[in-house]
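Residue numbers start at 1 and run along the sequence shown.
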Amino acid sequence: MLKYWRYRYRAAPNRSSRRPPCRVDRVELWTKTPAATSGIRDFDIQVRDGDTWRTVAQVVGNTEEHVVTRFPAERTDAVRVLIHFAGGNYSRLVELEAYGPQ
């Protein structure tokens with residue numbers, strides 16, 4: 001897991017809050033159970049590329065609580081989930097973890 005982003009980074013005063021880029025090749029997320037009726041079903045995993053976001057993985061029709069997406073390694077300073085459809089008309093993302101190449 002990219003613990004550097006989560007635990008160690010502290011922006012210096014009067015500096016940008018952007019984190020140093022890291023390589024990411026896997027994102028794991030957990031959604032509300034039962035996922036088939038209450039979780040996120042259709043979504044994209046995106047990485048920030050400069051000032052734009054680029055989709056690196058897509059999931060359609062998910063029915064699992066824990067979803068692992070793998071993609072070619074990308075150097076980025078941020079990861080996001082763009083949710084297109086969720087059961088019960090609510091986006092219930094419980095946890096998100098990003099990992100770099102081993």
For the residue pair [X] and [Y], establish whether any side-chain heavy-atom pair is separated by less than 4.5 Å.
| X | Y | answer |
| --- | --- | --- |
| N62 | D42 | no |
| L82 | T55 | no |
| I40 | V59 | no |
| V56 | R54 | yes |
| R26 | V68 | yes |
| E97 | W30 | yes |
| V67 | T31 | no |

> Should we say atom CZ of R70 is surrounded by more than 12 heavy atoms from elsewhere, each under 6.0 Å from it?
Replying inline: no

[X] (side chain) donor-acceptor with [Y] (main chain) under 3.5 angstrom:
| X | Y | value |
| --- | --- | --- |
| R48 | T76 | no |
| D44 | Q46 | no |
| S38 | A35 | no |

> Where do A86 and S91 come nearest, in terms of heavy atoms and distance?
Replying inline: CB-CA, 4.0 Å

Interatomic spacing from [atom1] in [X] to [atom2] in [Y] - rounded to 0.5 Å:
| X | Y | atom1 | atom2 | value |
| --- | --- | --- | --- | --- |
| Y90 | K32 | OH | NZ | 12.0 Å |
| I45 | F71 | CD1 | CZ | 7.0 Å |
| W53 | R80 | CH2 | CZ | 5.5 Å |

>> Both conditions, 6.0 Å and 45 degrees, for the charged tip of R41 above the ring of F85: are they met here?
In response: no

>> Is there a side chain to side chain contact (heavy atoms under 4.5 Å, CB included) between H66 and E28? Walk through the geometry before answering.
In response: CA-CA 7 Å; H66 178 213; E28 296 189 26; 2.7 Å; yes

